[in-house]
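Given the structure is predicted, the values throughout are model-derived calculations rather than measurements. Read the numbers this way: they start at 1 and go in the same order the structure lists the ligands and their atoms.
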Amino acid sequence: MDLEKKIKTKKATITIMGMGYVGLPLACGFASAGFKIFGLDNNSQKTKKINQGISYIEDVKNNEIKTNIKNKRLFATTDESVLKKSDIIIICVPTPLDEYKQPDISLLKESVNTVKKFLKKEQLIILESTTYPGTTQEIVLPILEKNGLKEGKDFFLVFSPERVDPGNKKYKVKNIPKVVGGISKKGTNLACLTYASFIDKIVPVSSPKVAEMSKLLENTFRIVNISMIDEMALLCGKMNIDIWEVIEAAKTKPYGFMPFYPGPGIGGHCISIDPFYLSWKAKEYNFYARFIELAGQINSQMPHFVVTKIIFALNKNKKSLNGSKILIWGVSYKKDISDTRESAAYSVIEDLIKKRAKIEYFDPFVKKFKVKNKKIKRVSDKNLQTYDCIVILADHSDFDYEKIAQKAKLVVDTRNAIKSRKYKNVFHL
Ligand code: SAJ
């Protein structure tokens with residue numbers, strides 16, 4: 001049976017490489033649609049948890065995994081030989097930056113070399129990991145064609161950017177349109193057919209480069225606008241204007257405006273990382289993507305700005321930072337999630353400790369938190385009045401922030417969690 005028929009009849013076996021916040025929801029989606037799925041990951045802890053029906057990704061519920069494991073549609077493994085019996089292979093491995101903010105596609109290359117070992121005719125290979133335009137064509141294709149097999153004739157190679165908004169209750173994989181760009185038209189069609197098995201809207205484009213670039217445009221759009229509003233917050237602070245009230249007023253404009261909100265620094269391993277894949281690649285064309293670089297500079301200063309705000313607040317109570325007891329409220333990179341990657345909390349706490357403040361944290365989602373290998377004490381949200389200052393970095397829902405304002409000596413609120421402006425002990429960004 002040819003690949004197209006296998007996809008149409010759901011007889012195709014799909015292996016998803018990388019069981020993270022992208023791979024696991026995707027695996028469950030395809031399994032629920034009726035495909036046989038191998039979840040391939042080099043971390044045996046993860047594969048064991050999946051096979052026990054335990055989710056370690058907030059947006060995936062245990063019973064979603066359990067059902068698919070029970071009906072033998074999903075099986076997690078560390079054994080790469082499952083690629084031999086896979087008709088479709090989807091690569092969802094991390095593409096981080098190295099310590100010099102340069103793209104690090106080593107994991108991606110490793111995965112592609114593993115795929116090459118088992119590459120056979122009629123296989124569809126899809127790359128989902130965010131990367132710079134040209135990666136699929138210039139890096140992945142040559143590796144896969146090394147065996148003499150030809151893309152478009154023997155196998156098919158496609159780029160389809162992952163789009164996951166951690167913690168978003170409304171948009172899940174199924175109802176987020178899926179952009180698909182293949183090296184060959186046939187590859188594009190086969191990938192569209194595959195994703196259409198459970199995703200509502202598929203968006204085919206003319207090449208992998210267009211698909212790679214569309215993802216980077218999405219995330220560059222966010223880092224530039226978030227950094228722009230952060231800079232506006234700094235300016236409004238100088239002009240003694242309430243930036244939060246300004247945004248509320250501006251967003252009454254029914255067209256041509258989209259609100260972004262200041263914060264302690266852009267976290268997460270997408271918005272604060274992906275755009276630098278583009279600014280790095282641009283230099284190959286002797287082009288400097290200044291908006292991205294500027295956004296990065298502003299973003300990297302925000303934690304420092306938060307610390308100066310804390311110093312300013314303590315100063316009002318004639319308290320020095322040195323020796324002050326500070327509670328950090330929320331250490332995840334945004335509200336209502338447990339993910340702390342690239343969280344501003346790391347830089348804020350590191351700076352406060354350097355200035356000899358005594359730090360503890362409260363976060364219902366994050367059970368333990370270390371800064372430069374120093375364990376930060378996790379406390380309950382009681383006895384707020386025992387702290388010299390409470391710093392809200394993540395405004396997790398379902399807490400009474402007014403009560404925090406009433407009980408705390410001082411609050412530095414970087415998320416406008418406390419809406420009232422009547423509290424003289426509360427300092428907003
Ligand atoms: N942030 C602000 N102000 C804002 C919006 C966000 O300070 O107005 C901060 C957040 O607190 C957080 C960071 O920016 O620290 C990133 O948050 P985010 O929600 O913009 O992005 P992620 O990384 O949680 O998820 C994003 C997706 N989110 C949205 O589009 C809303 C999307 O950009 C991508 O699909 C996804 O990353 C990805 O996988 O690239």
State whether [Y] and [X] meet the cation-pi test: NZ (Lys) or CZ (Arg) under 6.0 Å from the six-membered ring centroid, and within 45° of the perpendicular axis.
X: K281; Y: Y277; value: no
X: K101; Y: F276; value: yes
X: K178; Y: Y195; value: yes

Is it the side chain (CB and beyond), the backbone, both or neither of [X] that lies under 4.0 Å from ligand 1, heavy atoms counted?
X: K335; value: neither
X: Y21; value: side chain
X: R415; value: side chain
X: I226; value: side chain
X: D274; value: side chain

Selected option - heavy-atom contact closest to [atom], from [options]:
atom: atom 14 (O) of ligand 1; options: I266, V22, I247, I223; value: I266
atom: atom 37 (O) of ligand 1; options: P259, C270, S227; value: C270
atom: atom 16 (C) of ligand 1; options: G267, A344, S343; value: G267

Sidechain N-carboxylate O distance under 4.0 Å for [X], [Y]:
X: E248; Y: K251; result: yes
X: D388; Y: K325; result: no
X: K174; Y: D200; result: yes
X: R163; Y: E218; result: yes
X: E402; Y: K407; result: no

- Message: What I'd like to find out is whether the side chain of H304 reaches to under 4.5 Å of the side chain of T308, using heavy atoms alone.
- Response: yes
- Message: Would you say that P96 contacts H269 through its side chain, given a criterion of any heavy-atom pair below 4.5 Å between the two side chains?
- Response: no
- Query: Out of curiosity, is E218 lining ligand 1, as in a heavy atom under 4.0 Å away?
  - Reply: no
- Item | Side-chain (N416) to main-chain (W244) donor-acceptor, under 3.5 angstrom | no
- Please assess D363 against R378 for the test salt bridge (charged side-chain N to carboxylate O under 4.0 Å, His left out), listing each intermediate value before the final yes or no. CA-CA 8 Å; D363 192 314; R378 179 176 190 257; over 6 Å; no
Quick one: look up the protein heavy atom nearest [atom] and list residue, atom name and how far away it is.
atom: atom 35 (O) of ligand 1; value: V164 O, 3.3 Å
atom: atom 19 (O) of ligand 1; value: K334 NZ, 2.8 Å
atom: atom 4 (C) of ligand 1; value: Y261 O, 3.5 Å
atom: atom 29 (C) of ligand 1; value: R222 NE, 3.5 Å
atom: atom 28 (N) of ligand 1; value: D165 OD1, 3.1 Å
atom: atom 21 (O) of ligand 1; value: I271 CG1, 3.3 Å
atom: atom 12 (C) of ligand 1; value: Y333 O, 3.3 Å

List every atom of ligand 1 that sits less than 4.0 Å from any heavy atom of [X], numbering the atoms from 1 in the order shown and giving each element.
X: E162; answer: 38 (C), 39 (O)
X: F260; answer: 8 (O)
X: K215; answer: 34 (C), 35 (O), 38 (C), 39 (O), 40 (O)
X: P166; answer: 24 (O), 25 (O)

- Query: Do you see a donor-acceptor pair shorter than 3.5 Å between the side chains of H428 and R415?
  - Reply: no
- Task: Give yes or no for whether the N/O distance cutoff of 3.5 Å, strictly under, is met between N219 and ligand 1.
- Result: yes
